[in-house]
Amino acid sequence: MPPLRLPLPIPLFRVPARTLAIATAAAPTPTYQVFNRQTKRLQRSRSIQNTTDSRATDYLKSEISLRLIDRLQDIQRPLPHILDLGAGACHVARQLPLGISNRLEKLTCVDMSRELLFRDAELEFNNNLPIERVVADEEVPPFADDSFDAVVSSLSMHWINDLPYTLSSINRILKPDAPFIAAMLGGDTLFELRTSLQLAELERRGGVSPRVSPLADVRDVGGLMQRAGFKLLTIDVDDIVVEFPDVFALMADLNAMGEGNAVLAREVGPIGRDVLMAAEGVYRELHGSEDEKLPATFRIIYMIGWKEGENQPKPLPRGSGEISMKDILEGGNKK
Amino acid sequence: MSTPRPTRPIHKLASAVAKCSPEVSAYGKCIVADYNNVHKDKCLTEFLRLKECVRGVVSFVLFPLILGGLMGF
């Protein structure tokens with residue numbers, strides 16, 4: 001806002017200008033850079049160029065959204081305004097059961113790829129739900145403090161560079177005592193593909209380059225959530241094994257999901273035919289099942305955390321326990 | 001994916017490799033036999049056999065088509 005010429009409108013105009021300034025000032029660039037977010041945005045946008053392929057590879061995201069919603073359904077209180085961070089094509093919205101959607105006033109879907117976000121905007125489920133689609137980088141969620149009754153995130157957080165920063169931003173935009181429920185790929189996800197490509201590339205070219213992203217481990221997630229200020233944490237792990245006819249089908253599906261390699265240190269360009277052929281041989285020999293299928297493991301880490309609130313149950317102070325664990329474990333109920 | 005489109009080069013490669021399963025398996029066995037000690041060209045012979053086979057399948061598919069076209073089938 002430039003200096004104003006008239007004294008009268010100053011208080012009127014300054015207020016909105018300052019709130020805007022605050023919103024942008026709270027979004028500095030993240031410090032750790034592992035993934036190229038620009039590449040990721042392009043991959044997601046390109047993945048819907050063939051809508052049929054893109055929809056055909058929704059199986060993983062649909063399944064995990066369902067499992068996430070299952071956890072959301074355990075919350076009895078009404079959740080009028082939910083944010084879906086990294087929504088993709090709004091998978092969570094599409095599968096939301098009546099129990100939740102009836103009480104919903106607004107569902108905000110955020111994704112950085114406009115094309116992917118609006119892929120299913122014409123479908124029928126949009127008419128029954130108050131969906132708002134916002135194109136923004138989910139790494140720095142552009143919302144005011146205390147604005148959502150719940151934040152969910154399904155299969156998007158494994159592409160975030162600075163998880164501590166994003167998690168504390170999520171904590172900031174949640175209302176007090178509101179839940180954050182997320183599912184992200186982690187740990188040993190796609191270890192079969194990772195090992196086969198490494199061995200194949202080592203034998204064919206004499207070295208390896210990062211083909212599968214580094215992923216967060218279950219052990220790290222608890223610490224990260226705690227650091228971001230979440231309380232009453234629940235973290236659990238689920239393995240989904242999908243069987244593919246060959247390594248080419250697996251990689252074509254990953255591309256159609258928009259989940260191609262976006263590691264900054266990667267070798268740009270496609271994997272050579274020789275390495276692919278070699279990887280097919282190693283994958284089949286090392287991990288292939290008896291019926292000639294290639295299993296691919298997706299390890300999903302679910303996390304639930306609550307923003308600190310007033311009437312939240314809290315752990316009792318140290319030393320306030322009256323029953324000794326030692327007595328119970330050693331002598332049954334003897335007094 | 002439900003319907004692979006044969007026009008894409010990756011699908012051509014995939015179907016060619018699928019026809020060479022003995023060679024694929026021989027190459028895989030050679031690597032896995034001692035996968036802690038893999039170095040460049042450790043299984044060169046097996047790989048060349050695999051490549052030869054894939055190339056053979058690709059031309060085997062194309063050749064009759066071209067020949068058929070020439071002979072007016």
Side-chain angles (χ1 to χ4, degrees), chain A residues 47 49-60 191-192 194-208 242 244-257 260 270-288 290-294, chain B residues 1-70:
Chain A
S47 73
Q49 279 178 351
N50 185 327
T51 323
T52 331
D53 280 3
S54 174
R55 291 214 171 107
T57 51
D58 273 348
Y59 53 85
L60 191 66
F191 73 92
E192 301 97 342
R194 190 194 303 256
T195 48
S196 316
L197 280 173
Q198 274 172 358
L199 286 173
E201 216 170 16
L202 198 59
E203 197 275 333
R204 282 292 80 229
R205 306 175 62 201
V208 290
V242 185
F244 291 89
D246 51 45
V247 75
F248 308 101
L250 165 60
M251 291 175 75
D253 271 22
L254 289 175
N255 270 327
M257 290 177 194
I271 306 176
R273 290 176 152 235
D274 285 9
V275 174
L276 272 182
M277 276 192 271
E280 165 81 9
V282 181
Y283 206 130
R284 210 163 271 287
E285 201 52 43
L286 204 54
H287 309 287
E290 276 171 19
D291 52 350
E292 306 270 293
K293 300 256 172 58
L294 301 184
Chain B
M1 244 171 285
S2 47
T3 46
R5 286 157 302 146
T7 42
R8 281 181 62 186
I10 188 80
H11 293 306
K12 269 190 210 159
L13 182 66
S15 57
V17 171
K19 291 196 178 79
C20 299
S21 50
E23 284 81 3
V24 169
S25 155
Y27 176 79
K29 280 202 174 70
C30 165
I31 297 269
V32 174
D34 186 10
Y35 57 74
N36 284 320
N37 188 25
V38 175
H39 51 83
K40 190 169 190 312
D41 293 337
K42 180 183 177 231
C43 303
L44 185 63
T45 341
E46 284 83 356
F47 184 75
L48 287 180
R49 246 175 240 149
L50 166 61
K51 206 168 173 179
E52 195 82 342
C53 167
V54 169
R55 233 184 241 155
V57 170
V58 173
S59 51
F60 186 70
V61 173
L62 289 178
F63 186 67
L65 288 177
I66 298 164
L67 200 68
L70 283 175

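The analysis underlying the following values was restricted to heavy atoms, covering all of them including side chains, and did not include hydrogens, waters or symmetry mates. Here is the naming used below: chain letters follow the sequence lines, and residue numbers restart at 1 for every chain.
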Fill in: Between CE on residue A:Met277 and SG on residue B:Cys20, distance to nearest 0.5 Å
9.0 Å
Response to the item:
d(A:Arg273 CZ, B:Lys12 NZ) to nearest 0.5 Å is 8.5 Å
Sequence neighbours excluded and cut-off under 3.5 Å, please list the side-chain donor-acceptor pairs for residues 194-205 of chain A, or say none.
from: A:Arg194; atom 1: NH2; to: A:Ser213; atom 2: O; distance (Å): 3.4
from: A:Thr195; atom 1: OG1; to: A:Phe191; atom 2: O; distance (Å): 2.8
from: A:Thr195; atom 1: OG1; to: A:Glu192; atom 2: O; distance (Å): 2.9
from: A:Thr195; atom 1: OG1; to: A:His287; atom 2: NE2; distance (Å): 3.0
from: A:Ser196; atom 1: OG; to: A:Glu192; atom 2: O; distance (Å): 2.6
from: A:Glu201; atom 1: OE1; to: A:Ser209; atom 2: N; distance (Å): 3.2
from: A:Glu201; atom 1: OE2; to: A:Arg205; atom 2: NH1; distance (Å): 3.0
from: A:Glu201; atom 1: OE2; to: A:Arg211; atom 2: NE; distance (Å): 3.4
from: A:Glu201; atom 1: OE2; to: A:Arg211; atom 2: NH2; distance (Å): 2.6
from: A:Glu203; atom 1: OE1; to: B:Tyr27; atom 2: OH; distance (Å): 2.7
from: A:Glu203; atom 1: OE2; to: B:Lys42; atom 2: N; distance (Å): 3.0
from: A:Glu203; atom 1: OE2; to: B:Cys43; atom 2: N; distance (Å): 2.6
from: A:Arg204; atom 1: NH2; to: B:Asp41; atom 2: OD1; distance (Å): 3.4
from: A:Arg205; atom 1: NH1; to: A:Glu267; atom 2: OE1; distance (Å): 3.3
from: A:Arg205; atom 1: NH2; to: A:Glu267; atom 2: OE2; distance (Å): 3.0

Discussion item. Does any backbone or side-chain atom of B:Val38 lie under 4.5 Å from a heavy atom of chain A? Answer side chain, backbone, both or neither.
Written reply: both
Worksheet item: Please walk me through it: do B:Ile31 and A:Glu285 pass side-chain contact (heavy atoms from CB on, under 4.5 Å)?
Response: CA-CA 9 Å; B:Ile31 297 269; A:Glu285 201 52 43; over 6 Å; no
Practice prompt. Could you have a look at A:Gly288, A:Pro245, A:Gly281, A:Ala279 and say which one has the most heavy-atom pairs with chain B under 4.5 angstrom?
Written response: A:Gly281
Worksheet item: So do the side chains of A:Leu276 and B:Ile10 get within less than 4.5 Å of each other, counting heavy atoms only?
Response: yes
Discussion item. Show the nearest heavy-atom pair for residues B:Ala14 and A:Asp246, with the distance to one decimal.
Written reply: CB-OD2, 4.2 Å
Worksheet item: Which of the residues A:Val247, A:Asp274, A:Leu286 is involved in the greatest number of heavy-atom pairs with chain B at under 4.5 angstrom?
Response: A:Asp274
